[in-house]
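A short write-up of the structure that comes next.
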Amino acid sequence: MNILHARRRTIALLAFALLTLSAVAQQVDMDQIAANDELRWGVTSYHAGNIAESIVSLNRSLSFDSSRALTRYWLGRSYYAAGFEDAAL
């Protein structure tokens, strides 16, 4: 009876550990994902010559994460390419 109890306890602890690990692994910051996607679209639009679309996407990216220097860099380039030199600075 003692061995059966020990096996059940071990199985219960392993199941608890697996559930805990899977719950932690599923926590995703959706704002970071959205910021990355908008940054990617903004840079792609810039290189395709769609400067207005680039500005919109990069501003959207900043709305999800305003601390990203790379997004601000590309937004400045886009503003400059569109002729908005004051906004670019």
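Just so it is clear, the structure is predicted and the values come from calculations on it, not from any experiment.
- No donor-acceptor pair under 3.5 Å is formed between the side chain of S61 and the backbone N or O of E38.
- Atom CG of residue L62 and atom OG of residue S57 lie 11.0 Å apart, to the nearest 0.5 angstrom.
- Under the 3.5 Å distance criterion, the side-chain polar atoms of R72 are matched with a main-chain donor or acceptor of S66.
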When the side chains of residues 80-89 are checked against the rest of the protein, which donor-acceptor pairs come out under 3.5 Å, sequence neighbours left out?
none

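- L58 is listed as a side-chain neighbour of L39, based on a closest heavy-atom distance under 4.5 Å.
- Interatomic distance, N36 CG to L70 CG, rounded to the nearest 0.5 Å: 9.5 Å.
- Q32 is not listed as a side-chain neighbour of F64, based on a closest heavy-atom distance of 4.5 Å or more.
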Walk me through it: do D31 and D65 pass the test side chain to side chain contact (heavy atoms under 4.5 Å, CB included)? CA-CA 7 Å; D31 284 345; D65 184 2; over 6 Å; no
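- At distances below 3.5 Å, not a single donor-acceptor pair connects side-chain atoms of S54 with backbone N or O atoms of N50.
- Heavy atoms only, all atoms of each residue included: S78 and I51 are closest at O-CG2, 3.2 Å.
- One N or O on the side chain of S63 and one on the backbone of R60 form a donor-acceptor pair closer than 3.5 Å.
- The salt bridge (Lys or Arg N to Asp or Glu O under 4.0 Å) test applied to D37 returns R40, not counting sequence neighbours.
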